[in-house]
Amino acid sequence: MIELFAQLGGWGMQALTRLGRAHLLLLPLLRGGLDILRRPRLLVDQLFSVGVLTILIIAVAGLFVGMVLGLQGYYILSRFGGETALGLMVAASLVRELGPVLTALLFAGRAGSALTAEIGLMKATEQLSGLEMMAVNPQYRILAPRFFAGIVSVPLLAALFSMLGVMGGWMVGGGMLGVDKAAFWNGMQGGIDFHEDIVNGVIKSVVFGVVCTWIAIFQGYDCVPTSEGVSRATTRTVVHSSLAVLGLDFVLTAMMFS
Amino acid sequence: MTEVDDSAEQPPLVRIRGLRFRRGSRWIFDGLDIDIPRGGLTAIMGPSGTGKTTLLKLIGAQLRPDEGTVEVDGENVHALSTPDLYRLRMRMGMLFQSGALLTDMSVFDNVAFPLREHTHLNESMIRKLVLLKLEAVGLRGARDLMPSELSGGMARRVALARAIALDPMMIMYDEPFTGQDPISMGVLVQLIRRLNDAARITSIVVSHDVAETLGIADLVYVISNGRVVESGTPAQLSESGGDWTRQFIRGLPDGPVPFHYPAPPLRGDVLGAQR
């Protein structure tokens with residue numbers, strides 16, 4: 001019994017230690033932002049690999065999620081004769097919740113895991129040590145540009161997701177199911193509030209961007225530098241990011257819309 | 001081979017005193033004292049697992065010792081502020097076992113990297129310097145290749161060109177000969193010696209490749225169990241009467257380093273019920 005408690009205590013201490021190390025990493029990541037101001041090219045390169053290369057999966061997913069929303073929404077709303085509210089329903093669902101949350105989850109799976117694997121392999125192949133010995137701080141030179149690229153990318157990807165989702169909803173609702181065009185777009189325009197819905201959605205996606213990228217970078221930087229260590233770190237990135245996004249979504253929604 | 005004739009007059013470039021360092025409960029170094037003379041080629045030898053790479057990381061202040069001091073050019077590296085440590089590292093080069101080339105950059109950009117990071121030279125000047133460094137390692141023609149297109153030996157030569165890009169006062173070589181074919185090994189052996197002689201760069205070679213290392217070293221330290229077992233010129237070590245050094249230099253399977261890992265008696269272990 002005592003051994004069980006000791007083991008639980010050991011796990012707890014390990015988790016807290018890792019959490020502490022993750023927070024300590026935040027300071028150099030933020031300080032590395034000054035380097036980016038001097039050399040914006042570092043950020044631009046990472047925006048491409050972190051953001052641009054994630055566009056395809058976001059676009060396809062957004063389109064299909066919007067189409068499903070249009071389909072499901074139509075069948076429910078038509079029971080009450082409320083098909084004209086389909087545009088509002090699709091847009092509100094996407095802008096408030098599904099856009100930021102699903103984008104963050106997809107980002108963690110596509111870009112987050114890639115960031116962890118890249119940084120972990122750089123550690124395993126001594127590239128990070130090599131930078132240190134060349135008097136170059138890898139936290140500023142390698143980690144910080146990726147961190148800020150993630151923060152910039154996620155809100156833009158979420159906006160793209162929501163936009164294509166609305167288009168998908170319209171394709172199904174207006175194109176296939178015959179919802180009135182004016183009702184669809186006017187309902188959306190009238191019902192969506194800029195501050196209440198759009199700004200809050202953007203705030204959510206910025207928070208998710210910070211958290212997902214921070215987790216991905218920390219897991220890569222802190223991993224055991226072996227094949228197995230990198231593999232485990234990559235898995236942890238997806239699991240921790242997904243749980244953090246879902247948990248934070250509840251907290252943020254409660255704060256914003258309650 | 002050059003004589004380390006300045007060593008008597010000048011203080012050593014690297015002075016290690018009473019170094020103690022442990023991983024977990026195991027002491028890797030337990031009171032290590034080493035002097036690396038300026039301008040010479042010093043080899044640090046010992047079997048795998050004796051902490052040779054760890055020692056280089058302690059000299060480069062990538063690791064902190066539990067006790068003792070490491071001085072490089074008169075400065076205690078573990079007492080330096082981060083900016084001062086980075087200034088010192090700009091005068092130190094290190095060749096990692098894997099080469100540690102940045103995989104998303106070409107050979108040219110890898111060698112240009114420290115110049116772009118630490119100097120304000122224009123691209124034209126950087127190009128000239130990079131080509132000269134690559135010429136020194138015989139890979140000027142490979143400047144446009146990516147690291148994934150290089151053999152192991154070529155990758156280490158590129159890493160060597162990068163290590164000398166800023167004309168450092170010393171270079172640390174971490175197992176430079178491991179896993180090399182005879183031709184690549186011969187090239188690396190010659191390069192390391194030639195660079196040392198031509199630029200009077202202090203070289204520290206960590207290796208367990210006896211013949212190659214003894215062939216180029218001016219001074220050799222043999223370490224085991226966290227301490228220096230013996231030191232001297234290659235000739236002195238080759239004639240050493242010490243059991244440990246003799247076993248290591250001649251590659252004898254048994255001796256002070258036993259063939260068998262410690263284990264209970266064979267009969268009881270094989271016939272007993274326990275796993």
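Everything quoted here is computed from the prediction, not taken from an experiment. By convention in this document, chain letters (A, B, ...) are assigned in the order of the sequence lines, proteins followed by strands, and residues within each chain are numbered from 1.
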Is the number of heavy atoms from other residues, nucleotides or ligands under 6.0 Å of [X] [atom1] greater than 12?
X        : atom1 : answer
B/Arg20  : CZ    : yes
A/Arg232 : CZ    : no
A/Met167 : CE    : no
B/Arg17  : CZ    : yes
A/Arg110 : CZ    : yes
B/Met125 : CE    : no

Atom group of A/Leu131 that falls short of 4.5 Å from chain B, counting heavy atoms: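 The answer is the side chain of A/Leu131.
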Nearest heavy atoms of [X] and [Y], plus distance in Å:
X        : Y        : value
B/Leu102 : A/Met122 : CD2-CE, 4.0 Å
A/Ala135 : B/His118 : O-CE1, 3.1 Å
B/Ser98  : A/Glu126 : OG-OE1, 3.0 Å
A/Val136 : B/Phe113 : CG2-CE2, 3.9 Å

Between atom [atom1] of [X] and atom [atom2] of [Y], what is the distance when rounded to the nearest 0.5 Å?
X        : Y        : atom1 : atom2 : result
B/Leu56  : A/Ser129 : CG    : OG    : 11.5 Å
A/Thr125 : B/Gln97  : OG1   : CD    : 12.5 Å
B/Met90  : A/Met134 : CE    : CE    : 12.0 Å
B/Thr103 : A/Gln127 : OG1   : CD    : 4.0 Å

So which part of [X] gets closer than 4.5 Å to some heavy atom of chain A, the side chain, the backbone, both or neither?
X       : result
B/Met94 : side chain
B/Thr82 : neither
B/Leu95 : neither
B/Arg87 : neither

Between B/Lys57 and A/Glu132, is the closest basic N to carboxylate O distance under 4.0 Å?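 Looking at A/Glu132 and B/Lys57, the cut-off is not met.
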